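Data block below; observations after.
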Number of protein chains: 2
Amino acid sequence: MRRFSLALLFSWPALLFAQNPVKYVKPIIGTEKMGHTYPGATVPFGMVQLSPETDTLPYEMNGKYNPDVYKYCAGYQYTDKTIVGFSHTHFSGTGHSDLGDFLIMPTVGPLQLNPGTADKPESGYRSRFSHENETVEAAYYKVKLDEGNILAELTASNRVGFHQYTFPQSDQAHIILDLMAGIYNYGNKNVWTFVRVENDSLITGYRQTSGWARTRTVYFAMTFSKPFKKYGHQNNVNDVYKGFYRKFDQTTNFPEMAGRQIRAWFDFNTQPGEKIKIKFALSPVSTEGALLNLRTEIPGWDFDAVKQQGQELWNKELSKVSIKTAAEDDMINFYTALYHTYLSPTTYMDVDGGYRGLDQLNHKAEGFTNYTTFSLWDTYRALHPLFNILQPQRNADMVRSMLEHYNQSVHKMLPVWSHYANENWCMIGYHSVSVIADAIMKGNIKGYDANKALEACANTARYKKYDGLEYYMQLGYVPEDKNSSSVSKTLEYAYDDWCIAQVAKKLGRTDLYDEFIKRSLNYRNVFDASTGFMRPKMSDGKFRKEFDVLSTHGQGYIEGNAWNYSLYVPQYPAEMIEMMGGKKQFTGHLDSLFTMHLPDEFFAETEDITREGIIGNYVHGNEPAHHAAYLYNWTDAPWKTQERVRMILPKMYKPSSDGLGGNDDCGQMSAWYIFSSLGFYPVCPGSVEYALGSPSVQSAILQLENGKTFQVEAVNQSAANVYVRKVELNGQPFNKRFITHDDIMNGGKIVFYMDRKPKK
Amino acid sequence: MRRFSLALLFSWPALLFAQNPVKYVKPIIGTEKMGHTYPGATVPFGMVQLSPETDTLPYEMNGKYNPDVYKYCAGYQYTDKTIVGFSHTHFSGTGHSDLGDFLIMPTVGPLQLNPGTADKPESGYRSRFSHENETVEAAYYKVKLDEGNILAELTASNRVGFHQYTFPQSDQAHIILDLMAGIYNYGNKNVWTFVRVENDSLITGYRQTSGWARTRTVYFAMTFSKPFKKYGHQNNVNDVYKGFYRKFDQTTNFPEMAGRQIRAWFDFNTQPGEKIKIKFALSPVSTEGALLNLRTEIPGWDFDAVKQQGQELWNKELSKVSIKTAAEDDMINFYTALYHTYLSPTTYMDVDGGYRGLDQLNHKAEGFTNYTTFSLWDTYRALHPLFNILQPQRNADMVRSMLEHYNQSVHKMLPVWSHYANENWCMIGYHSVSVIADAIMKGNIKGYDANKALEACANTARYKKYDGLEYYMQLGYVPEDKNSSSVSKTLEYAYDDWCIAQVAKKLGRTDLYDEFIKRSLNYRNVFDASTGFMRPKMSDGKFRKEFDVLSTHGQGYIEGNAWNYSLYVPQYPAEMIEMMGGKKQFTGHLDSLFTMHLPDEFFAETEDITREGIIGNYVHGNEPAHHAAYLYNWTDAPWKTQERVRMILPKMYKPSSDGLGGNDDCGQMSAWYIFSSLGFYPVCPGSVEYALGSPSVQSAILQLENGKTFQVEAVNQSAANVYVRKVELNGQPFNKRFITHDDIMNGGKIVFYMDRKPKK
């Protein structure tokens, strides 16, 4: 485990509520191994994620998938020794990638327009760097680039990245704008790129790619604090009509560049210590939109002020939860997790509301903020439920964004994994309906008719061509011989169907309630009583013969094995436990999950996680069992939930670059941390209940948007006192194992009395 | 010479004014060899040119330029035996190509998604056809496709192509939409294509290409008269993220298709003789724009009505000139030429005025129609001057469109060769200034401040980086050792500069007048008195030693040799003649041009024309000497102009598929015909004078937009009586060799008294 040097020095006032929580945010957490977070500058839910790339490897090498690229989902790996440049878009914690748009790199000396290699950075424009010369804060990133002795600083507003490069004296100072660079890709995802040099310090253009998102365009406007003396570009493929070249020398000072593989450069003379600043705005609509964003969000050139504004935005959002903990590490873990939950979804509209829709048309968001980056298979579990408490307005807008996606969808389907006007169709289920149901059940849908939202959910769940759904609707399960990962799909469809039924019930749509409540029972169809596990069933109605309960691949599951996935009936935990042999047997079964040993051969095939992301056979680094520890609440041993949660928290979340045991997945991993450390968790989004666990904080105050506060207090808290002896809600004894959404949103105080012994 | 069968039967009323001129239009003229016209359906200046492709060859074969593609600039060659399909965009008469967007082909039987080959059409979706089964009219094209026994009929409104396919009985009837197909290209110009199946009979999408136009997108909306029973597509390269394919069978009934090389298909059952109709709308802005165009222009499904409306539009425009001729062929030649002049520039905006600008932003044309397809090196000569008489409103809008191009240009340059939001930089000069000057001098600039237009002209002429212009401004000529085709450029720049000076004078800008009138004399700097020709000069001020006055290549010229190009001083014919030895010597020199023999070796290197496009060494098939025959007017032998013109007219324009001796060049060749057959020609656009020639019509009435009429009468007209004995204007003897624009636009009558002997 590597520890980073603290960038902000501060004295540690034990047991005080954080006054300036941003100082506990360490964006470097998760940047090593499988966390897939990025260290760069961004503001809450910002469109721009301005962050260093330590490599941009090709997706394919010699025509084959290059497995090394997986490490670079967020562009940065902590153990790398070189930086290729700073680009403006990054996913946080995903297990697939795209983005890395508009890579900027400052250099001095002879112009080099290739990135060079990690072992020979001097062979290109990249540079060695050292973590000693690196500062990583919320909304601020700083690093010294050794090759040219250039100090690079980054900050951002919502839609504008702000670069500040301090150069040595040079008459060969360059800013490189590499339009070939991209994450998971080196140029080969590019469909088209376009650059217009509007004047001696303003550039506009766009990048169109076909990567994870099939048809994606990002527009930009880029302005320099100082006019360049000369500029040009290299077009690395011969893909443009030659009339251009006959007529002009296009390579130098030619103001319109276009092609598939372009690198542009801008030259300056610099005085010792001279700062060249760049404001780089994005837009989903047009260069005009990018310019509008640029001029609206950062009219001036005060880098420090923009950085301070960014950190103030973070403080505002982070302060919605004020906690006390015994150890500084816990403060860091908590606020960094909270920071990670506020990175996605991302703003996807210009300041005037303009955005590109899934229908490839330009739309105007009227009365809401349009969002993108919906990693819904992950985030429906705890992230959106967390937003329903801490960010209800934003979550309502996210729901609205999903419903607009539906309106623009030619399939008439809600989003599965959508970003930048694309449906990536990544992972399984139709978990938009969970997010929408959770919002409706918690009274948090705004600007959109709930009945229409319900219709969108039902239509989505009936789109026969989708991923085995026609079989599911015919047979009550997805048959493995017709559609792989059939058990995972059956279980998740059944849960999603339950969500739809809840909304139908609330809105008095008995027809829809009947239809979907019936479907919600389909989990039963894949339960194999003879093994006690969910098991792939064939289209002939028989279970598949071959069955390996430890393996993740080819067993009817995705990102989980039978041990983990068989617990996935969040809508009916009690019934599931009954089905699996009753409370006692189930308790033992669940114990085994956490205590058995998963042999290395099976870990090797488990995606997205490090060895540390597993406890026994419980895989916390992937999502399907995120609710598992809370299932003891439906047995006679709720104290085991308390024990497991308090075991998972410090084991899976550490204040170090390699502190995350698996992909953070757009904040889902971190949302688990926030809920669990506060002592409750939404086992079944779409219900209004939260299962109680064991808080790890000493106390917490949630500042709600409705003006109320909800307090958590853990009396007698310590690392050893993980068990809850009793609970009081608003001063009254509370004997239930669940609190409701209203309990929280009405304001009040929950007190956990902690103990070192379980209350059996 | 091939004659086509007349499609419209009509009796020939000798010497009557045409009541229904559309019947004389034979769009088949020029579709063989080098005419590069297309036979398909379009309306005057229409955005859609819906026309058959007889081949769509790749631009490159085995990495090398494929010379055969040159024949297919307009997609159709008369001698071909197969049709590949019908696409929606075509240039008329160009010597370079692009377009061929959205190829539609109806087939029956087993689905074939490759085009097949010309010698084995049954190996793909293409079909044999015969000219006997082909009808080619203005706004209407019909052909029987032999392979499937399908009758194909095409018509169009401005922005919508209308297809009508009559099928045999079949349960395997297909409509193929080939997004890979394109002219000069088979798929490899595609940057991206996108298709959305909105419902069972409506499709939208776009095609983005990088061909002649570097960054070009055309949007479409396509609707069928009958729902398809099934649809799908083939993606011929593996360029899309595989998540799509894992989740769905994308190939069939999947409503969103995208990729670089896509072919889509739509299946039907058909009854015997059942018609399936397709309306296919284009937009430069969005699929929404295309839908708006579709619904506005052709709300119903009456094919015959749309055809009739199209032909009425043609009648309206063609009737602006009513002529009498002795022979039907002359009627056909005239009205087909007039038809060809009304094909370009093309409408480039949606019905609501929306269009994509050169700056890649969407704009709204307020108060004017925005046009594109400006082949200015060709069309400044006679086409735009013709419009200033017959289409003044449209020409004013074209000028406005050019000025908006200037406003959107990052170079701050007027268009050189622009189409679809691109500057192709094709050919030489900055002849926009000629078109603008001609409009201003003739009082025909509207909605744009003339002073700003003048500024645009001056800025364009001062853009140093453009094509040797910096040298030209320094040295007074373009030096051949620095920039090729230097003589052509010098001469044309000098002419364009004169145009600017005229406008400057008119607007009282003495400073600009002085600057550009001085530049207009630069033709002198490349005149070599020792040879009597314009001659390439080097940067050291000396003429280049090697000099071949017959060769077109490498001699300082483009599309012309020294014999033709040395006559290019349209702004100062008298001074040029003096410089070249005076009237007498010049007359002999000009005689030689028409009578000498150009050896085959030199013809072989002459582009864009057939052998018939040359008379002696006079190359009519290219433009540089288009004014040459009129230069006798500045000598003592104006009768030779009369003689030459009457020789050129029947020799270069014939009512047959191979009737054009060279590229029609967006109507410039045809505009020469119209002017010359009416008896006058704009030797120097930007002046208000027209040189008199020898009319070939018996009489003509020009219906002017100002409500007046201008009549031409040729008394004693015959094929032998090519000489003009005397002229009367408005009943008064007229002894000048030139009439003015006002003479025409004020209305009146010019009478030529024809004779078989010259008046020496």
Side-chain angles (χ1 to χ4, degrees), chain A residues 96 98 188-189 191-192 194 196-199 204-206 208 210-215 217 219 239-241 243-249 252-256 258-260 285-289 358-362 409-412 416-417 422-428 465-468 484-485, chain B residues 96 98 188-189 191-192 194 196-199 204-206 208 210-215 217 219 239-241 243-249 252-256 258-260 285-289 358-362 409-412 416-417 422-428 465-468 484-485:
Chain A
H96 203 303
D98 210 332
N188 49 13
K189 272 186 193 170
V191 167
W192 199 247
F194 190 93
R196 224 173 112 106
V197 180
E198 306 279 355
N199 59 42
T204 61
Y206 58 85
Q208 186 180 353
S210 180
W212 197 17
R214 190 167 64 170
T215 305
T217 306
Y219 299 84
D239 61 355
V240 169
Y241 163 62
F244 278 87
Y245 293 99
R246 286 199 203 109
K247 201 69 66 182
F248 296 101
D249 167 21
T252 309
N253 290 352
F254 188 83
E256 197 194 72
R260 289 178 182 86
V285 173
S286 66
T287 56
E288 213 171 20
L358 187 63
D359 52 9
Q360 307 272 306
L361 295 172
N362 294 334
S409 160
V410 73
H411 301 87
K412 287 293 155 214
V416 173
W417 210 123
N422 280 264
E423 174 55 88
N424 293 357
W425 302 116
C426 190
M427 290 304 290
I428 61 170
K465 280 181 70 78
Y466 178 72
D467 217 9
S484 64
S485 307
Chain B
H96 203 301
D98 210 333
N188 49 15
K189 270 186 194 170
V191 166
W192 198 246
F194 190 92
R196 227 173 110 105
V197 180
E198 305 280 355
N199 59 43
T204 60
Y206 58 84
Q208 186 181 352
S210 180
W212 197 17
R214 190 167 65 171
T215 305
T217 306
Y219 299 85
D239 61 354
V240 169
Y241 163 63
F244 278 86
Y245 295 96
R246 286 199 201 107
K247 198 72 61 179
F248 295 99
D249 168 20
T252 309
N253 291 350
F254 188 84
E256 196 194 75
R260 288 179 185 85
V285 173
S286 66
T287 56
E288 214 170 22
L358 186 65
D359 53 8
Q360 307 273 303
L361 296 171
N362 294 333
S409 157
V410 73
H411 301 88
K412 287 294 157 212
V416 173
W417 210 124
N422 279 263
E423 173 55 84
N424 294 356
W425 302 116
C426 190
M427 290 303 292
I428 60 170
K465 278 178 72 75
Y466 176 72
D467 218 9
S484 64
S485 306

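Note: hydrogens, waters and symmetry copies are ignored here, and every other heavy atom, side chains too, is used. Quantities reported herein were computed from a predicted structural model and do not represent experimental measurements.
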Exercise. Quick one: what part of A/T252 sits under 4.5 Å from any heavy atom of chain B, side chain, backbone, both or neither?
Worked result: backbone
Exercise. Hey, is CD on B/Q360 packed in by over 12 heavy atoms from elsewhere, all under 6.0 Å?
Worked result: yes
For this session: Evaluate the ring planes of A/W425 and B/F248, with Trp represented by its six-membered ring, and classify them as parallel (under 30°), tilted (30 to 60°) or perpendicular (over 60°).
Result: perpendicular
Problem set entry | Contact origin within A/F194 toward chain B - heavy atom pairs under 4.5 Å | side chain
For this session: First locate atom OG1 of B/T287, then atom CG of A/L361, and finally report the distance between them rounded to the nearest 0.5 Å.
Result: 4.0 Å
Problem set entry | Best-contacting candidate, A/S286, A/P255, A/S484, A/G468, against chain B by heavy atom pairs under 4.5 angstrom | A/P255
Problem set entry | Top contributor to chain B contacts, counting heavy-atom pairs under 4.5 Å, from A/V285, A/N362, A/N253 | A/N253
Exercise. Given that the side chain runs from C-beta out, which part of A/V416 has a heavy atom under 4.5 Å from chain B: side chain, backbone, both or neither?
Worked result: neither
Exercise. Do B/W192 and A/S210 have side-chain N/O donor and acceptor atoms under 3.5 Å apart?
Worked result: no
Exercise. Does the side chain of A/T215 come within less than 4.5 Å of B/E256's, by heavy atoms?
Worked result: no
Exercise. Minimum heavy-atom separation for B/R260 to B/V191, with atom names?
Worked result: CG-O, 3.5 Å
Exercise. By a 4.5 Å heavy-atom criterion (distance strictly below it), what part of A/Y206 contacts chain B: side chain, backbone, both, or neither?
Worked result: side chain
For this session: Please flag which part of A/D359 lies under 4.5 Å from any non-hydrogen atom of chain B: side chain, backbone, both or neither.
Result: both
